[in-house]
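Letters A, B, ... mirror the listed sequences (proteins, then strands); counts begin at 1. Note that the structure is predicted; figures quoted are calculated from it, not measured. Keep in mind that the numbers below use all heavy atoms, side chains included, and drop hydrogens, waters and symmetry copies.
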Amino acid sequence: MSAITRDEVAHLARLSRLALTDDELDHYATQLDAIIESVAKVAEVAAEDVPPSSHALPLTNVFRADEVSPCLTPEQALSGAPAVEDDRFRVPRILGEEA
Amino acid sequence: MSLIRKTAAELGAMIAGGEVTAVEVAEAHLDRMAEVEPKVQAFLHVDRETTLEQARAIDARLKAGEKLGPLAGVPIAHKDIFTTRDMPTTAASKILEGWRPPYDATVTARLREAGLVILGKTNLDEFAMGSSTENSAFHPTRNPWDLTKVPGGSSGGSSAAVAAYEAPLSTGTDTGGSIRQPAAVTGIVGMKPTYGGSSRYGLIAFASSLDTPGPFARNVLDAALLHEAFSGHDPMDSTSIDAPVPSVVEAAKNPDIAGMRIGVVREFGGEGYQPGVLARYHEAVQLLESLGAKVVEVSCPSFTTALPAYYLIAPSECSSNLARFDAMRYGLRVGDDGTRSAEEVMALTRAAGFGPEVKRRIMLGTYALSSGYYDAYYGQAQKVRTVISREFEAAFQQVDVLVSPTTPTTAFSIGERADDPMAMYLADLCTIPSNLAGNAAMSVPCGLADEDGLPVGLQIMAPVLADDRCYRVGAAVEQALESRWGGPLLKEAPSL
């Protein structure tokens, strides 16, 4: 039995905001299946009582002083934007037609 | 001897002493690049005039009597994943093609302050995802030892540039082995500092809990000088360690390992390893013993599970980090014809802008983080991470450093593993545990494999913030082997 189906890959692509073709979905379904089967080996380590590590360093809540400091100008911040209008990022519509 | 064959330490001293100018040194390297780049293709961006302008500025400051650091005027190549305000930064991705960052990464900025002259931006696997630099959206890079072989990855442009004498120094990033593995397969020195020892600010993020900037050089001392120049606490990176930089330069200058306890990792070596790699590795271990170290075997049974854990953790973090490439604020935008929604434009842009490996990892990470699978995959991988850290801690109770081969094989052929992700992932088998645990690890050349005449790397792993131990052992190995070989390993490389 495969670890992941083509429909599941299509769902992942939607969640990942990747507009994939049918051929790509077939291709990735095969590859992801092999990868997932292999990484499932993590289950072999007996780790029931072990706490998870999200990080290698024992750091929590690093704060800095709340002070005003120099930052990018609007020109700098917008310098790489695909589209700009009135000193703002211009984006495609984010609401439906009826809104 | 021509300027391009000098070490970074020598060049720095010559420039400071007025024997040669920074402009002359930069020109020598730019000329070398013009000569060999058509074959090696280590760089994504080169701009002779910007480089010479920086060199002229250093010469002017030195002439005015300013006292600069030991690497002032020395050229460097930066992996094209560190932002540079005067050069494009792409992460070798179409989604960032042509992007000019409005700011410098901390690593870039500190090295500018130290007076290093930027030669250009080097090639990499897209967003640092890969082990061969074949995943670059622009072109592959070739191994200077054999142009049909990969230079390793993801920092393969940086390793190739240094091995081909295009640059004496370069920067890289190591998330699962992306500095040590390319260093090993190109016969140079590569160091992954302790996680948090070098700043990630301005480093385009792949897996934030693992990404670590580090140096490449042709010898251990040069790597140490570069390591020291960019390391140290950075308030702009909240995971940066607020502690003194380990005394790596001093360690590189004092390669005395008598009485040091060195652990051989039992789990790394044997089946699946190339015989020529194992032969050089075993010789290196004997060499350490002959230099007065006490060598013992150490078992870290869960290290073999580091690879699967990594391929859950790194893609999970990548799926989240790469969500920022949304076609709205910078980079590529595709299909914005006035009829499509932002979400459609996003999906079209990401499909057009990301390459296959990046898409695979984003989807794999999205899968590992989905409800229903989270506990079995991402959650379990995080527990394995704890187990691996504990095994390192237990091992470092017994020994000062651990050693292993850096990679199971020498450089493989371009195209050989390109469409087999699992085979590609195996290149990082021995390097990944140190990323998961965050400890320091280095690769130093230890000879050529008999089968193919290609370089083999010895990996030296030290505890968190004991980076200096890697340099001490690395320098000892280098000194002993170079006296045996009658010079550096790179003198065996074919001329390009």
S.K.: Is it the backbone or the side chain of B/Arg340 that comes under 4.5 Å from a heavy atom of chain A, or both, or neither?
M.R.: backbone

S.K.: Heavy-atom distance under 4.5 Å to chain A: side chain of B/Ala376, backbone, both or neither?
M.R.: backbone

S.K.: Within a strict 4.5 Å, meaning less than it, do heavy atoms of the B/Asp336 and A/Pro82 side chains meet?
M.R.: no

S.K.: What part of B/Met328 lies closer than 4.5 angstrom to a heavy atom of chain A: side chain, backbone, both or neither?
M.R.: both

S.K.: Taking side chain as everything from C-beta outward and backbone as N, CA, C, O, which of these in A/His27 sits under 4.5 Å from a heavy atom of chain B? Side chain, backbone, both or neither.
M.R.: side chain

S.K.: Non-hydrogen atoms of chain A under 4.5 Å away: do they reach the side chain of B/Tyr310, the backbone, both or neither?
M.R.: neither

S.K.: Quick one: what part of B/Ala306 sits under 4.5 Å from any heavy atom of chain A, side chain, backbone, both or neither?
M.R.: neither

S.K.: B/Thr304 versus chain A, heavy atoms under 4.5 Å apart: side chain, backbone, both or neither?
M.R.: neither

S.K.: Which heavy atom of B/Arg385 sits nearest a heavy atom of A/Ala56, and at what distance?
M.R.: NH2-N, 3.6 Å

S.K.: Nearest heavy-atom pair of B/Arg333 and A/Ala83: which atoms, and what distance?
M.R.: NH1-CB, 3.6 Å

S.K.: Of the backbone (N, CA, C, O) and the side chain (C-beta and beyond), which part of B/Pro356 lies under 4.5 Å from a heavy atom of chain A, both, or neither?
M.R.: both

S.K.: Is B/Asp419 in contact with chain A via its backbone, its side chain, both, or neither, using a 4.5 Å heavy-atom distance?
M.R.: both

S.K.: For a quick test of reading the model, state the closest non-hydrogen atom pair linking B/Thr366 to A/Ser16 and the distance between them.
M.R.: OG1-OG, 3.2 Å

S.K.: Checking heavy atoms, do the side chain of B/Leu436, its backbone, both or neither come under 4.5 Å from chain A?
M.R.: backbone

